[in-house]
Amino acid sequence: MTSPSRPHPTAEGRFGKTPFAHVLLYIRERALSGTLSVDGPAGGPLAGEHFFVFEQGALAQSWLATGLDKLGDVLVESKHMPAAARKDADVLLQSTQQLAGEVFVEMGLCDERAIIEALVEQNHRRALHIFSLGNATYRFYQDIDLLQSFGRERYSIDVLSIVWRGVSASPPHASIDQVLTRVGDSPISLKPNAQLDAFSFGDDVQPLLDVLRLGPATVRDLQSFSKDPEHARVLAYVLLTSKQAEADLTGRGSVTPPPPARSSTPSPTPTQSTGGASPSLPPPLPTAHAAQPTPAARPAPPPPAVGMVDPKALEADVLFRQMDEQTYYEMLGLAKTASSDDIRASFVKLAAKWHPDRAPTPVAKEAFQRVFSMINEAHQTLSDDTMRTRYNRIASDGGGTPAAQRKVNAMLEAATLAQKADIHLKRRDFVEAEKLAREAVALHREDPSVLTVLGAVLLERGAPELVDEAIATITEAVTLSEKNDRAQTLLAQAYKRKGDAAKALVHFKLALEANPKNIDAAREVRLADIRARGGGDAAKKDEPAKGGSEKPTTAGGLFSKLFKR
């Protein structure tokens, strides 16, 4: 991409002084719009100048000089498009001026929603590459869009998830040490309006967040509840620099940072920002409290009370959450081959620790009761030979944990609700059918048959907005199960109702491939063949009467601005 002429940057610097994560958070906090330019090192895998456009603090568009993470690559890796079909599309792209997203949709390789999801993931991936550049130079052009002529639809992304993924993969150790040295052993607390969902944290972080949800905790506290102490440091750093958490620095004693789990290496000397008069983007402050010295005439406030969070209640709550993903053997700390004596001995030992009567406070007693109930259930199941045999069979099939059992129960309940919805649909009781179908989808959206039932109900109701929702819902079912001939037929009928005969035919053919006995699909494919041979009149005789005169839609429109690559 040829870089257009541009004015002097509003700010510039190097990531060695201001890490990429801090630059992103600065832009987000101030809701800035503009373009961030990053210079990749010559000769490296990210050589060249890369561009990231922001709108009101959110990442809206990206472009890498190296051409990494093309739209087709993202679609294939996310299983929205088969790799073999991608090759055919590449051949077509070489001989057409159409945009990649438009070509993929017209070929029936994926739907519009898959394109949108891929574009969002594409922006994530491109931004994540920059975290590995270390001391690269950056420039920010406020209120200037350097990718304006590089047209495509834009989908804004909150940078918090990018920051978490990037910092976790490439921690800026010098910056982490600096921030956590300032915090020391001061308690950290989540802000009331903390946007934790925006980070897309994984399950491994949830126990640490639970600790903070219960009340203020130090970084050392977080490390004690983490299998990876360095991971806890990174989490604290991200929450503080993004201002989703704050540290109470008033009256702290020690400023010694919690020990890093990594090997100690000399911190690199920060490189000064380039460009002379242009200001560098300052890193966001890690706390909301001023770190001013306490005046001598004013007595220092007492240190935080030890009982701010009941440590035993906290320990029990974290353990209970971990148990949700554990088998009964894991809860008791046993192997699957454990003997009856081993099971009893382990239960007695754990019960002595977690029995509610051993809890030091009323708050802890409630937490102890939850843990003890799980231990007791595990003991009762494994100490009975018949129950243990049945449980082993369930565990060998991928179950055996409370979380897995809830999922199984949800699947069974969803299937039952979907069957009831189908019965009401046949009775043309659409209101009850839709209610039951939506409840089924809410319980287990991963079941294509459940999605198909909801799609059938929405399509039968016929309102234009419901037809659009039906297409999205049935497309989701087809993505989960391409051989679902009922879903393929319904999707074809929905496109036919929208006036898109080409897409309708594609899905009628897919339905027929999945089930050669599908009468509706066979009839529609036969009619299409007759029309193709010039038998329009004969086809019209067989075609049922259709009210309305909806205009056909095309695959353009939404994709008229998509990336070529």
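When a residue number appears, it is its place in the shown sequence, counting from 1. All heavy atoms count here, side chains included; hydrogens, waters and symmetry mates do not.
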Novice: Are Phe20 and His50 close enough that their ring centers fall under 6.0 Å?
Specialist: no
Novice: Determine whether the side chains of Arg139 and Ser37 contain a donor N or O and an acceptor N or O closer than 3.5 Å.
Specialist: yes
Novice: Side chains of Asn392 and Tyr328: any donor to acceptor distance under 3.5 Å?
Specialist: no
Novice: Might you work through the salt bridge (charged side-chain N to carboxylate O under 4.0 Å, His left out) test for Lys435 and Asp429, ending with a clear yes or no?
Specialist: CA-CA 10 Å; Lys435 174 178 173 292; Asp429 182 358; over 6 Å; no
Novice: Are side-chain N/O atoms of Ser161 and His124 paired as donor and acceptor at under 3.5 Å?
Specialist: yes
Novice: Can a cation-pi geometry be assigned to Arg497 and Tyr495, taking NZ or CZ under 6.0 Å from the six-membered ring centre and within 45° of the ring axis?
Specialist: no
Novice: Can you tell me if Asn409 and Gln405 form a side-chain donor-acceptor pair at under 3.5 Å?
Specialist: yes
Novice: Sort out for me which residue in Val478, Ile474, Leu512, Thr452 forms a side-chain contact (heavy atoms from CB on, under 4.5 Å) with Gln488.
Specialist: Val478
Novice: One pair to check against salt bridge (charged side-chain N to carboxylate O under 4.0 Å, His left out): Arg165 and Glu121. What are the steps and the verdict?
Specialist: CA-CA 12 Å; Arg165 290 170 65 179; Glu121 177 62 20; 3.6 Å; yes
Novice: Leu32 versus Phe140: any side-chain heavy-atom pair under 4.5 Å?
Specialist: yes
Novice: Are Trp63 and His129 close enough that their ring centres sit under 6.0 Å apart?
Specialist: no
Novice: Does Glu482 CD have over 12 foreign heavy atoms under 6.0 Å away?
Specialist: no
Novice: Report yes if some heavy atom in the side chain of Pro402 is under 4.5 Å from a heavy atom in the side chain of Met374; otherwise report no.
Specialist: yes
Novice: Whether the Thr401 and Asp324 side chains hold a donor-acceptor pair (N or O, under 3.5 Å, no angle test) is what I'd like checked.
Specialist: no
